[in-house]
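Written out below as structure tokens is the structure these notes cover.
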Amino acid sequence: MNQIVANQRQFFNTHATKNFNFRLKQLKKLDNVLKANEQALYDAIYKDFKKSSFETFTSELALVYHDIKDARRHLKSWGKVKRVGTNFLNSPAKSYIIPEPLGVCLVIGAWNYPYQLTIAPVVAAIAAGNTVVIKPSELSAKTSAIMAKLISQNFDANFLKVVEGGVAETTALLKQKFDKIFFTGSTQVGKIVYQAAAKNLTPVTLELGGKSPAFITKNCNLKMTVKRLIWAKFLNAGQTCIAPDYILVHNDISQKFLELAKAEILKEQFSFKNDNYVQIINDRNVERLKKILDPEKVYFGGKIDVENRYIEPTLLHNVTFEDAVMQEEIFGPILPVMSYVSLEDAVNKVNSLPKPLSCYVFTNNSEDKNDILSKISFGGGAVNDAVMHITNTKLPFGGVGPSGMGNYHGESGFKCFTHYKSILDKPTWLELPLKYYPHTPFKLKWISRFMKF
Ligand code: NAD
């Protein structure tokens, strides 16, 4: 690990990565490599958890391609030196901000969208002019292996290097001194990463998880709400960081919501036989989900095929905040539905819990919408939709508090891997004597005028 980081640092210190053409070339190469090996990428992810090529393209590769395209198109403008005004006290002078890469970065990925969550931060890091050590999740072993293979075959290890492995390898990597650590994963491991980074005062971006609520108010388009919500929840069998974790629906329409949600699941034919319905990533997670699924609260679904790691899309009703399913991020195809009478009480309840990564509001009532958006602190979200906000790269993506810190995609990704160096650039032909000794009342009078900002 030591040698990998030392080699990358040596390469970074040649300043080669700062060149815009170098960055553009590497981004284009990455795009070509991914596109040329799409079938191998599909095969690997199918072996890991039976994710279909359709979903792999739409929820992973398409987003990575878009990030690459966006970065290539805007790189020069994001990375250009920006002039700003100069205050009177410093005049005559120029003031400007130089965006500079942070250096040698570590990107630690999660398994649930292994390509998107591992490669998209790498795209941002390359665009900003860094070198990257990449640690994919060991839980999706085949996708980790294909990423390692493609990167090592096509890129200089002094620039991009994949280190495969689990806790031991990540722990060893975290002992190295990086200039930036970008971590995607659980809040629990996020704390370990943050502590390790603190030892070297390394800046971090933490893309974590949490329980993301979806509010459904009385005044909503219930049919459309159900359609969009069911898709968003059961995409990737609920193993999505921004999946709606639980529903808070107005009491008057909660029964109708359950009926329509069941009908929608049946219509979409999420089932054990459907090739587009992915597996739970491993046995440990099947066991975890089994434990929190209370059979007495099942409204629809609930069947578990332990051997094949499948859990039926499941709706739970009569759920309370005390139930096991409400004590942790579900990260699986189980949707607890709770009803509320007072929106204010529901908002207060959510506010008493850790700040979520996402929050969704299904309503046509702008007062309710504004209430929820202004009173609850969360990473990001959508009104009358769920999950889709991640596809707009103009929206910085990230959590707040326990759901994360920092954000990325589009320009925010570039910023995340960039230091903005501020420069005051002065000519030498003029120097007022005011700040120099001896200090006199006359000088103070003038200096206090100049220093009125
Ligand atoms: P995880 O935290 O278990 O693992 C993430 C990474 O950390 C992996 O690469 C793993 O090897 C490493 N790791 C695990 N234990 C470690 C330890 N003790 N020390 C050092 N490194 C360790 O998370 P996961 O199971 O891969 O993903 C699920 C979680 O990630 C969920 O909470 C989900 O919400 C969150 N997530 C967040 C986002 C986001 O963009 N905010 C995206 C996907 C997943």
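Just follow the structure's listing: the first ligand is 1, and inside any ligand the first atom is 1. Since the model is a prediction, treat every value here as computed from it, not as a measurement.
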Item to complete: Measure Asn112 to ligand 1 on non-hydrogen atoms and call it side chain, backbone, both or neither using the 4.0 Å cut-off.
Response: side chain
Worksheet item: Taking only heavy atoms of Leu117, which atoms of ligand 1 are found under 4.0 Å from at least one of them?
Response: 42 (C), 43 (C)
Item to complete: Can you pull out the closest protein heavy atom to atom 21 (N) of ligand 1? Residue, atom name and distance to 0.1 Å, please.
Response: Thr170 CG2, 3.2 Å
Discussion item. Does this structure show an ion pair linking Arg9 with Asp179, if we count only N-O contacts that are shorter than 4.0 Å?
Written reply: yes
Worksheet entry | Any donor-acceptor N or O pair under 3.5 Å, side chains Thr393, His66 | yes
Discussion item. Suppose we measure from atom 16 (C) of ligand 1 to each protein heavy atom; which comes out shortest, and what is that distance?
Written reply: Val189 CG1, 3.6 Å
Practice prompt. Indicate, as side chain, backbone, both or neither, the part of Glu329 found under 4.0 angstrom from ligand 1 when only non-hydrogen atoms are considered.
Written response: side chain
Worksheet entry | Shortest protein contact, atom 36 (N) of ligand 1 (heavy atom only) | Cys241 CB, 3.5 Å
Worksheet item: Under 6.0 Å between ring centres, would you say that holds for Phe331 and Trp111?
Response: yes
Response to the item:
Taking only non-hydrogen atoms of Glu207 and a 4.0 Å limit, the atoms of ligand 1 in range are 37 (C), 38 (C), 39 (C), 40 (O), 41 (N)
Discussion item. Distance to the ring centre below 6.0 angstrom and angle to the axis at most 45 degrees; does that hold for Lys349 and Phe321?
Written reply: yes
Worksheet item: Considering only the protein, which heavy-atom contact is closest to atom 7 (O) of ligand 1, and what is its distance?
Response: Phe183 CE1, 3.3 Å
Discussion item. Under a 4.0 Å threshold between the charged nitrogen and the carboxylate oxygen, would Glu264 count as salt-bridged to Lys267?
Written reply: yes
Fill in: Residue and atom name of the nearest protein heavy atom (relative to atom 26 (O) of ligand 1), distance in Å to one decimal
Trp111 CD1, 2.9 Å
Worksheet, complete the sentence: Under 4.0 Å between heavy atoms, the region of Thr184 that gets near ligand 1 turns out to be both
Worksheet item: Think Lys50 forms a cation-pi with Tyr277, using NZ or CZ under 6.0 Å from the six-ring centre and within 45 degrees of its axis?
Response: no
Worksheet, complete the sentence: Check: of Leu208, Asn407, Val107, Ile108, min heavy-atom distance to atom 41 (N) of ligand 1 comes from Leu208
Item to complete: Would you mind checking which non-hydrogen protein atom is closest to atom 10 (C) of ligand 1, with the distance to 0.1 Å?
Response: Glu138 OE1, 3.5 Å
Discussion item. If you take the nearest heavy atom of each of Ser140, Gly109, Ala110, Gly185, which one is closest to atom 8 (C) of ligand 1?
Written reply: Gly109
Worksheet entry | Sub-4.0 Å atoms of ligand 1 with respect to non-hydrogen atoms of Leu357 | 41 (N)
Worksheet item: Does ligand 1 have any atom that is closer than 4.0 Å to a heavy atom of Gly404?
Response: no
Practice prompt. Using distance alone, with no hydrogens and no angle criterion, decide if Tyr115 and Thr143 have a side-chain donor and acceptor under 3.5 Å apart.
Written response: no
Response to the item:
One finds that the ligand 1 atoms under 4.0 Å from a non-hydrogen atom of Ser137 are 9 (O)
Worksheet entry | Proximity of Val193 to ligand 1 by residue part, where a heavy atom lies under 4.0 Å | neither
Worksheet item: Near Gly209, which atoms of ligand 1 are under 4.0 Å from a heavy atom of that residue?
Response: 32 (O), 34 (O)
Worksheet item: Is any side-chain N of the basic residue among Glu100 and Lys421 closer than 4.0 Å to the acidic one's carboxylate O?
Response: yes
Worksheet item: Below 6.0 angstrom between ring centroids: does that apply to Tyr408 and Phe414?
Response: no
Worksheet entry | Under-4.0 Å protein heavy-atom contact, atom 24 (P) of ligand 1 | yes
Worksheet item: Would you say Tyr113 touches ligand 1, if touching means a heavy atom closer than 4.0 Å?
Response: no
Worksheet item: So which heavy atom in the protein is nearest atom 2 (O) of ligand 1, and how far is it from that ligand atom?
Response: Ser186 OG, 2.6 Å
Item to complete: Please write down residue, atom name and distance for the protein heavy atom closest to atom 17 (C) of ligand 1.
Response: Val167 CG1, 3.7 Å
Practice prompt. Pull out every atom of ligand 1 sitting under 4.0 Å from any heavy atom of Phe331, numbered as shown with elements.
Written response: 28 (C), 31 (C), 33 (C), 34 (O)
Discussion item. Please confirm whether the ring centroid of Phe159 lies under 6.0 Å from the ring centroid of Phe22.
Written reply: yes
Fill in: Glu328 and Lys211 ion-paired at < 4.0 Å
no
Worksheet item: Taking atom types as modelled, is there a side-chain donor on Gln8 or Thr131 under 3.5 Å from an acceptor on the other?
Response: yes
Worksheet item: Between Lys29 and Phe155, is NZ or CZ placed under 6.0 angstrom from the six-membered ring centre and within 45° of the ring axis?
Response: yes
Worksheet item: Is the ring centre of Phe417 less than 6.0 Å from the ring centre of Phe182?
Response: yes
